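Notes to accompany the following structure.
By convention in this document, chain letters (A, B, ...) are assigned in the order of the sequence lines, proteins followed by strands, and residues within each chain are numbered from 1. What you are looking at is a predicted structure, and each value in this text was computed from that prediction instead of being measured.
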Number of protein chains: 2
Amino acid sequence: MIIEIDFNSDEAIYIQLRNQIIVEIAAARLHEGDTLPSVRQLAETIGINMHTVNKAYSVLKQEGFVSIDRRKGAVVAIDPNKVIAMEEMKDELRVALAKGCCRNISKADVHALVDEIFEEYQYQ
Amino acid sequence: MIIEIDFNSDEAIYIQLRNQIIVEIAAARLHEGDTLPSVRQLAETIGINMHTVNKAYSVLKQEGFVSIDRRKGAVVAIDPNKVIAMEEMKDELRVALAKGCCRNISKADVHALVDEIFEEYQYQ
DNA sequence: CTTTCTGTTATACTGTAACTATAACAGATA
DNA sequence: TATCTGTTATAGTTACAGTATAACAGAAAG
């Protein structure tokens, strides 16, 4: 698993970490049952503090993407809840699409963009 | 223009304000050339500090949604730059779709969601 | 010209969140 | 026993959000 943190980003490190792990799962580079590196190990690899990794893992656990196994550590385990996910996504999409809409990005443009992104994601 | 601020949200007030104004524009409830309330007036209406409104307006100016006219104040003025907007949107969509994808939300589901949101937006 | 609106800028303070730094504890594994 | 794991606690720094005044300059209206 390759993690790239942008230390100049205005996005918090633990959020970048969470996002990238979610993308890894969606892209099927991480699979159900895979173990994530230990918090100490990943922290050292990236060059950040253990607690920052721990926070990312905690968020992923709370959001239902991993479960914590005392023996193995953090394990990819998706808790699917389509209904809630749809509502969440709609809220997130609403602002992003508004910005595009003001810039004359058409519905067709967005559909094409969605298709492009789905090309990267093999999770089924 | 109706603004609803959630003071319990983890989203900054000036970001909520910015987002709602962008949505208002996309939904054609605010049009090119419309003036926004003065920073002092809107701050009083919402019950927040002038500088928080000022920050939202500054962000909107920097992002090319309004321009500041000394005589009229903040005026809706879209600076369309489709290419940059497409790349920005793709980055924003990538994480949102990854989350959905893990929850077995299909490409068709997302397309339907996009259509729903576009129903709200009349800006052309 | 004066008053009053506008945006803009500067300064200072509080509160909170992000991040780091140690440290310690308990369970699992070799 | 030694070493790995997650978990928790505490403390410190840094940065940002938000508030509070204050002042300045340009524009508009009296």
Side-chain angles (χ1 to χ4, degrees), chain A residues 1 3-22 30 33-77 79 95, chain B residues 1 3-22 30 32-79 95:
Chain A
M1 190 178 58
I3 299 292
E4 294 281 347
I5 300 297
D6 176 5
F7 292 99
N8 295 318
S9 170
D10 56 344
E11 208 165 33
I13 296 173
Y14 79 97
I15 295 290
Q16 292 185 51
L17 197 45
R18 178 201 69 153
N19 287 348
Q20 288 188 35
I21 289 170
I22 292 174
L30 277 176
D34 284 357
T35 56
L36 299 179
S38 77
V39 289
R40 287 173 176 84
Q41 188 184 321
L42 186 53
E44 196 182 8
T45 303
I46 300 175
I48 58 175
N49 192 275
M50 178 197 74
H51 290 97
T52 308
V53 178
N54 197 48
K55 182 155 189 180
Y57 283 9
S58 297
V59 171
L60 285 166
K61 182 171 113 183
Q62 204 206 331
E63 294 179 337
F65 290 102
V66 307
S67 68
I68 309 290
D69 185 322
R70 264 213 171 270
R71 292 167 298 174
K72 299 195 229 165
V75 178
V76 177
D79 173 25
V95 176
Chain B
M1 189 179 57
I3 298 292
E4 295 280 348
I5 300 296
D6 176 5
F7 291 99
N8 295 319
S9 171
D10 56 345
E11 209 164 34
I13 296 174
Y14 79 97
I15 296 289
Q16 292 185 50
L17 197 45
R18 180 201 67 153
N19 287 347
Q20 288 187 37
I21 289 170
I22 292 174
L30 277 176
E32 186 92 12
D34 284 358
T35 55
L36 299 178
S38 76
V39 288
R40 288 173 176 84
Q41 187 185 321
L42 185 53
E44 196 182 9
T45 304
I46 300 175
I48 59 175
N49 192 276
M50 178 197 73
H51 290 97
T52 307
V53 178
N54 197 47
K55 183 155 187 180
Y57 283 9
S58 297
V59 171
L60 286 166
K61 180 171 113 184
Q62 204 208 332
E63 293 179 336
F65 290 101
V66 306
S67 67
I68 309 291
D69 186 323
R70 265 216 169 269
R71 292 167 299 176
K72 299 194 228 166
V75 179
V76 177
I78 310 295
D79 172 25
V95 176

Next on the checklist: For A/Asp79, give me all partners under side-chain hydrogen bond (donor to acceptor under 3.5 Å, both in side chains), at least two apart in sequence or on another chain.
Outcome noted: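 side-chain hydrogen bond (donor to acceptor under 3.5 Å, both in side chains) check on A/Asp79 returns nothing, list empty.
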Checklist entry - Taking only residues two or more places apart in sequence or in another chain, which ones pass side-chain hydrogen bond (donor to acceptor under 3.5 Å, both in side chains) with B/Glu63? => result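 side-chain hydrogen bond (donor to acceptor under 3.5 Å, both in side chains) check on B/Glu63 returns B/Arg18.
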Item to check | Exceeds 12 heavy-atom contacts within 6.0 angstrom, atom CD of A/Gln62 | outcome: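 Check fails, neighbour count at 12 or below.
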Checklist entry - Base, backbone or nothing for each nucleotide of nucleotides 8-13 of chain C, written B, S, -, heavy atoms under 4.0 angstrom, 5' to 3'? => result BBB---
[N] [atom2] sits how many Å from [X] [atom1], rounded?
X	N	atom1	atom2	result
A/Asn49	C/dA23	CG	P	13 Å
B/Asn8	C/dT16	CG	C1'	15 Å
A/Asp6	C/dC19	CG	C1'	16 Å
A/Gln41	D/dT5	CD	P	6 Å
B/Tyr57	C/dT6	OH	P	11 Å
A/Ile5	C/dA18	CD1	P	15 Å
B/Glu44	D/dT19	CD	C1'	15 Å
A/Leu42	D/dT5	CG	C1'	14 Å

Next on the checklist: Taking salt bridge (Lys or Arg N to Asp or Glu O under 4.0 Å) as the definition, give me every residue that meets it alongside A/Glu44, ordered by chain and number, with sequence neighbours left out.
Outcome noted: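 With sequence neighbours excluded, A/Glu44 shows a salt bridge (Lys or Arg N to Asp or Glu O under 4.0 Å) to no residue whatsoever.
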Checklist entry - Can a side chain N or O of A/Thr52 be found less than 4.0 Å away from OP1 or OP2 on C/dT20? => result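 Affirmative; the distance criterion is met.
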Checklist entry - Are any of B/Ser38's side-chain N or O atoms less than 4.0 Å away from OP1 or OP2 of C/dT6? => result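 So the side chain of B/Ser38 is within the cut-off, an N or O lying under 4.0 Å from OP1 or OP2 of C/dT6.
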Item to check | 5'-most by nearest nucleotide on DNA chain C - B/Gly73 or A/Ile15 | outcome: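 Per heavy-atom nearest nucleotide, the more 5' residue is B/Gly73.
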Shorter than 3.5 Å, N or O on both sides, protein versus nucleotides 15-17 of chain D: list them out with atom names.
from	atom 1	to	atom 2	distance (Å)
D/dA17	OP1	B/Tyr14	OH	2.7
D/dA17	OP2	B/Lys55	NZ	2.5

Checklist entry - For A/Ala56 and A/Tyr14, which heavy atoms make the closest approach, and how far apart are they? => result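 Nearest pair, atom of A/Ala56 first, then A/Tyr14: CB-O, 3.6 Å.
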Next on the checklist: Ignoring hydrogens, what is the shortest heavy-atom contact between B/Lys61 and B/Ile68? Give both atom names and the distance.
Outcome noted: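 Shortest heavy-atom contact: CD-CG1, 3.1 Å.
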Next on the checklist: Within the 4.5 Å heavy-atom criterion, are A/Leu17 and A/Leu60 side-chain neighbours or not?
Outcome noted: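 Contact flag for A/Leu17/A/Leu60 side chains = no.
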Checklist entry - How about B/Tyr57 and B/Ser38: do any of their side-chain heavy atoms sit closer than 4.5 Å? => result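 The answer is no, as the side chains (C-beta and beyond) never meet within the 4.5 Å cut-off.
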Next on the checklist: Using side-chain contact (heavy atoms from CB on, under 4.5 Å), reason through B/Leu36 and B/Val66 one step at a time and then give a plain yes or no.
Outcome noted: CA-CA 9 Å; B/Leu36 299 178; B/Val66 306; 3.9 Å; yes
Item to check | side-chain contact (heavy atoms from CB on, under 4.5 Å) assessment of A/Phe65 paired with A/Val76 | outcome: CA-CA 6 Å; A/Phe65 290 102; A/Val76 177; over 6 Å; no
Checklist entry - Hey, what bend do you get for the helix from C/dC1-D/dG30 to C/dA30-D/dT1 if you fit axes on five pairs at each end, rounded to 10°? => result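 If I round to tens, the end axes sit 20° apart.
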Next on the checklist: Go through it in stages, so that I can follow the logic: the residues are A/Phe7 and A/Ile13, the test is side-chain contact (heavy atoms from CB on, under 4.5 Å), and I'd like the CA-CA distance, side-chain angles, deciding distance and then a yes or no.
Outcome noted: CA-CA 7 Å; A/Phe7 292 99; A/Ile13 296 173; 3.9 Å; yes
